[in-house]
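Throughout, numbering of the chain's residues begins at 1 and tracks the sequence. Model, not experiment: these values are computed from the prediction.
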Amino acid sequence: MATEFLYLVLNVNGLNSDDNTKFCKFIDKFKKSKYHALFIQEPRYKNDKKQSRNNWENACKFRGIKCLISANDSGSRGVASFWKQAFLDQHSQVDIQQIIPDTAQLSTITIAGMEINICNLYAPNNGADRS
């Protein structure tokens, strides 16, 4: 029997706002979806909004979602990786790590003996960073 793995990649450009219900509704839709993982580029989360980050992480934990959200001081860049805990419970060999601060995360998962690496990358389109 083949193992199915479904994931979704989005650029939401501005998910962070003073209204945390926007994020919670977004995560609720992901939880109800058929997808096992969700990857976001440029979530617009700012380091100085510590409370927002805590709210995001608590909202995910409460809903059975494992997340890693990167950020910088300006609110540009960043990536976020979300995994449904129910899926992770079936595939315990999952590692999510930041490989380039505010730019890239690597998720490694083993499914049916096969290692899968997914790089979630924010690629800026300005000249200096892009080169």
Side-chain angles (χ1 to χ4, degrees):
M1 183 174 153
T3 301
E4 184 177 47
F5 172 62
L6 302 170
Y7 64 94
L8 180 65
V9 179
L10 295 173
N11 184 336
V12 296
N13 194 9
L15 185 61
N16 186 29
S17 69
D18 292 331
D19 179 7
N20 285 312
T21 60
K22 182 179 178 183
F23 177 77
C24 293
K25 288 177 184 175
F26 182 77
I27 291 301
D28 286 341
K29 285 186 179 187
F30 165 58
K31 185 173 180 179
K32 292 176 185 174
S33 76
K34 64 181 179 180
Y35 300 103
H36 304 302
L38 170 68
F39 305 99
I40 298 174
Q41 290 81 38
E42 201 169 5
R44 297 277 183 182
Y45 167 75
K46 293 183 180 182
N47 265 340
D48 62 357
K49 292 191 172 186
K50 179 93 172 128
Q51 187 58 45
S52 288
R53 184 180 187 129
N54 289 341
N55 290 345
W56 281 21
E57 290 170 349
N58 288 336
C60 287
K61 186 176 181 180
F62 178 75
R63 289 163 173 77
I65 307 293
K66 180 177 181 177
C67 68
L68 178 60
I69 303 167
S70 68
N72 66 16
D73 293 330
S74 70
S76 63
R77 300 181 177 264
V79 290
S81 299
F82 302 87
W83 291 83
K84 290 182 181 175
Q85 191 61 51
F87 180 78
L88 296 179
D89 291 344
Q90 296 173 4
H91 306 281
S92 59
Q93 295 176 319
V94 177
D95 180 44
I96 308 170
Q97 58 182 307
Q98 199 90 265
I99 55 175
I100 303 172
D102 309 322
T103 303
Q105 294 174 353
L106 177 65
S107 293
T108 303
I109 184 168
T110 302
I111 300 175
M114 181 174 51
E115 184 177 277
I116 300 169
N117 293 295
I118 301 169
C119 185
N120 185 6
L121 177 67
Y122 168 73
N125 58 12
N126 67 26
D129 286 336
R130 189 172 185 161
S131 63

Do [X] and [Y] make a side-chain contact, defined as non-hydrogen atoms from C-beta onward lying under 4.5 Å apart?
X: Phe39; Y: Ser107; result: yes
X: Gln98; Y: Ser81; result: no
X: Ile40; Y: Phe26; result: yes
X: Lys66; Y: Cys60; result: no

TODO: Examine Ile109 and Leu106 and state if one hydrophobic cluster contains both, with Ile, Leu, Val, Met, Phe, Trp and Tyr joined whenever side-chain heavy atoms are less than 4.5 Å apart.
DONE: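 No: no chain of side-chain contacts under 4.5 Å links Ile109 to Leu106.
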
Which heavy atom of [X] sits nearest a heavy atom of [Y], and at what distance?
X: Lys31; Y: Ile65; answer: CB-CD1, 4.4 Å
X: Val79; Y: Asn120; answer: CB-ND2, 3.5 Å
X: Tyr35; Y: Phe30; answer: O-CE1, 3.8 Å

Working to the nearest 0.5 Å, report the span between [atom1] of [X] and [atom2] of [Y].
X: Lys32; Y: Arg63; atom1: NZ; atom2: CZ; result: 10.0 Å
X: Ile27; Y: Ser33; atom1: CD1; atom2: OG; result: 10.0 Å
X: Leu38; Y: Lys29; atom1: CG; atom2: NZ; result: 13.0 Å

TODO: Under the side-chain contact (heavy atoms from CB on, under 4.5 Å) rule, collect the residues that match up with Ala104, sequence neighbours excluded.
DONE: Ile99, Ile100, Cys119, Leu121

Open item on the list: Suppose we screen for side chain to side chain donor-acceptor pair (under 3.5 Å). Which residues come up paired with Thr108, at least two apart in sequence or across chains?
Closed with: Asn117

TODO: Anything under 30° is parallel, anything over 60° is perpendicular, the rest tilted; go ahead and classify His36 against Phe87.
DONE: parallel

Task: Thr110-Glu115 side chain donor-acceptor pair, cut-off 3.5 Å - done: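 Looking only at side-chain atoms, Glu115 and Thr110 do not form any donor-acceptor pair under 3.5 Å.
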
